[in-house]
Amino acid sequence: MKKFLQENYVGGNTFGVVINYSDITVKEEEIELLLGYPPYHTPDPFKELIREAIEESKRIIEIKAGYKIADVASKQEDLTGLTIAEKYFDLQKIVTGVLKKSDSIAVFSLTIGDALEAKSKELLKKGDLVAGYIYDAVASITAEACADTLHEHIKAKMLRKNQKVTNRYSPGYCNWNVIEQHILFSLLPKNFCGITLTDSALMSPIKSISGIIGIGENVKYLEYSCNECNIKDCTYRTINYLKKKTN
Amino acid sequence: METQELIEKIGLCVARGKVNIASPFPKDMLGQEGTDELTRRALEIECPPDKILLACNDGMQVIGSKFGRGEAFVPELLMSAKAMNAVMAHLKPFFKAGTVKTKGKFLLGTVMGDLHDIGKNLVSMVVEGNGWEVIDLGVDCKTQKFIDKIKENPGCIVGLSALLTTTMANMAKTVEEIKAQFPETKVIVGGAPLSIGAAIKMGADGYSPNPQGAVEYLNNCLIAS
Ligand code: B12
């Protein structure tokens with residue numbers, strides 16, 4: 001981590017984190033993958049369109065991110081869930097296994113706002129189908145890049161206290177039911193990062209991510225966490241693979 | 001250009017996704033006329049619109065099979081759909097007059113509680129490009145909305161889209177209700193959390209992970225009927 005990001009304390013162990021575009025890394029090859037192309041196979045002029053969309057995204061996205069540090073309690077015999085800030089989360093085996101040794105948990109959410117998505121819709125309406133599709137994919141990968149940065153930030157902050165962090169996990173992944181978004185959001189201030197949750201557990205703006213990260217002296221970061229998940233055709237599995245290859 | 005040559009060229013432009021002379025795609029056809037200019041010219045010399053449409057259909061089939069073989073991807077499908085839309089714009093008067101007809105009606109919407117619509121929109125455009133009339137009901141569609149629209153459009157085929165497992169549960173309820181009221185109506189489902197297994201379980205007739213599969217399903221319904 002080169003530099004520390006600015007934080008704003010909002011009370012209740014909760015922090016807003018200022019992420020600027022220059023703090024995130026958006027990789028073209030990840031966008032290509034999401035569009036459906038094998039890495040480095042996107043034909044012209046779509047590659048230029050991707051670059052244009054990235055440039056536009058720099059101008060119009062509004063990144064908002066933050067997290068809360070919550071207490072965690074685990075029962076030795078319970079392998080499928082944890083109690084975070086006095087709320088029980090039915091995390092299932094994979095996530096519980098990784099987070100069990102945490103001393104505390106960072107509960108986070110972030111969004112890039114809805115401007116890029118609105119732009120995508122506008123292009124689709126105008127009949128610019130590929131451009132609309134590309135803008136949407138750029139928005140998705142940008143949100144994911146913000147999550148990487150927030151993760152790095154929390155990691156760097158904890159390192160100063162000699163604590164380590166785990167991988168991050170989101171409701172809806174690794175068999176953790178997405179309906180538990182409701183419990184996760186109940187831990188954060190209302191409208192935190194300007195994100196609202198519908199009854200059906202969908203975040204608005206759409207390009208938003210929520211999740212948890214374990215913190216503690218005895219926790220581990222798993223390089224190959226995808227191997228434990230049963231979703232084989234997940235885009236993130238491919239993206240993670242690509243990241244390992246290019247890093 | 002001869003009539004036949006012109007028609008064939010339109011079909012080729014659909015297959016390659018060449019929309020008009022200004023379009024930078026595909027690279028090897030830079031500066032050449034696309035479906036827009038060619039269709040206008042074809043109609044000027046009174047090419048039969050049904051022949052033009054037939055050639056376009058063949059063109060869409062070419063790109064569709066390339067997609068099926070993994071030689072083309074969603075963006076190429078979209079370029080072909082766009083090229084096809086340019087043809088359709090010129091043929092509008094003939095559709096209105098009844099000289100040519102769409103293949104049928106496809107009623108498409110994102111289910112209740114869900115606001116994600118990029119996937120649905122892509123399906124809509126590719127299906128339309130393949131000669132279907134698409135009635136897009138938008139996002140967060142309550143079951144009743146589908147029911148009302150099916151009543152208004154007898155014989156239509158219904159497509160449902162969802163992003164999360166939570167809204168996939170709403171999708172299952174919508175499929176059930178449609179099937180209860182209109183057992184004859186065909187329903188195809190899609191979206192990130194779906195699978196063939198989930199589609200069968202909710203009683204849908206079809207499932208596809210991509211727009212091309214939706215087109216193939218719809219075209220097969222034509223053969224079956
Ligand atoms: C990119 C992505 C994101 C992006 C953007 C999401 C978005 N909605 O725009 C970001 C990073 C923001 C994100 C966030 C989240 N995501 Co996400 N995400 C994805 C990913 C990798 C791709 C989705 C996508 O945009 N694809 C591109 C579009 C064009 O495709 P599509 O909409 O699926 O449509 C295509 C097909 O499905 C099909 N289709 C669509 N509709 C129809 C209809 C018919 C009739 C037919 C035939 C076909 C069809 O054709 C379309 C074109 O090819 C998927 C995994 C995957 N590989 O699909 C997970 C996925 C959708 N996400 C998932 C989850 C859980 C989440 C979060 C809840 C995680 C979290 N807690 O933060 C949030 C939810 C966001 C919210 N607003 O609530 C789960 C959802 C399943 C579930 N458990 O409920 C998925 C499936 C991953 C997984 N676990 O397997 N996500």
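Within every chain, numbering begins at 1; the chains are lettered A, B, ... in the order of the sequence lines, protein sequences first and strands thereafter.
- Ranked by non-hydrogen atom pairs under 4.5 Å with chain A, the options Thr167(B), Asn121(B), Asp117(B), Asn170(B) are led by Asp117(B).
- Of the two parts of Met79(B), the backbone and the side chain both hold a non-hydrogen atom closer than 4.5 Å to a non-hydrogen atom of chain A.
- Heavy-atom distances place no part of Asn210(B) under 4.5 Å from chain A, backbone and side chain included.
- Contacts between Ile206(A) and chain B at a heavy-atom distance below 4.5 Å involve the side chain alone, from C-beta outward.
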Is there a ring pair (Phe, Tyr, Trp, His ring centres under 6.0 Å) between Phe25(B) and Phe46(A)? Walk through the geometry before answering.
CA-CA 9 Å; Phe25(B) 183 86; Phe46(A) 301 155; 4.8 Å; yes
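- With 3.5 Å as the limit, one finds a donor-acceptor pair spanning the side chains of Tyr88(A) and Asp78(A).
- One side chain, Lys87(A) or Ser186(A), offers a donor N or O that lies under 3.5 Å from an acceptor on the other.
- Contact of Leu163(B) with chain A is made through the side chain alone, with heavy-atom distances under 4.5 Å.
- Looking at Tyr133(A), the atoms closer than 4.5 Å to chain B (heavy atoms on both sides) sit in the backbone and in the side chain alike.
- Residue with the most contacts toward chain B among Thr198(A), Asp136(A), Leu35(A), Asn177(A): Asp136(A) (heavy-atom pairs, distance under 4.5 Å).
- Contacts between Leu115(B) and chain A at a heavy-atom distance below 4.5 Å involve backbone atoms as well as side-chain atoms.
- Between the side chains of Trp176(A) and Asp90(A), no donor N or O sits under 3.5 Å from an acceptor N or O.
- For Thr42(A), no part lies under 4.5 angstrom from a heavy atom of chain B.
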Side chain to side chain contact (heavy atoms under 4.5 Å, CB included) between Thr110(B) and Asp140(B): does it pass, once the steps are laid out?
CA-CA 6 Å; Thr110(B) 297; Asp140(B) 194 15; over 6 Å; no
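- The number of heavy-atom neighbours closer than 6.0 Å to NZ of Lys103(B), taken from other residues, nucleotides and ligands shown, is above 12.
- Residues Lys207(A) and Ser140(A) bring a donor and an acceptor atom of their side chains to less than 3.5 Å of each other.
- Looking only at heavy-atom pairs under 4.5 Å with chain B, the residue among Asp44(A), Asp199(A), Asp128(A), Ile134(A) that has the most is Asp44(A).
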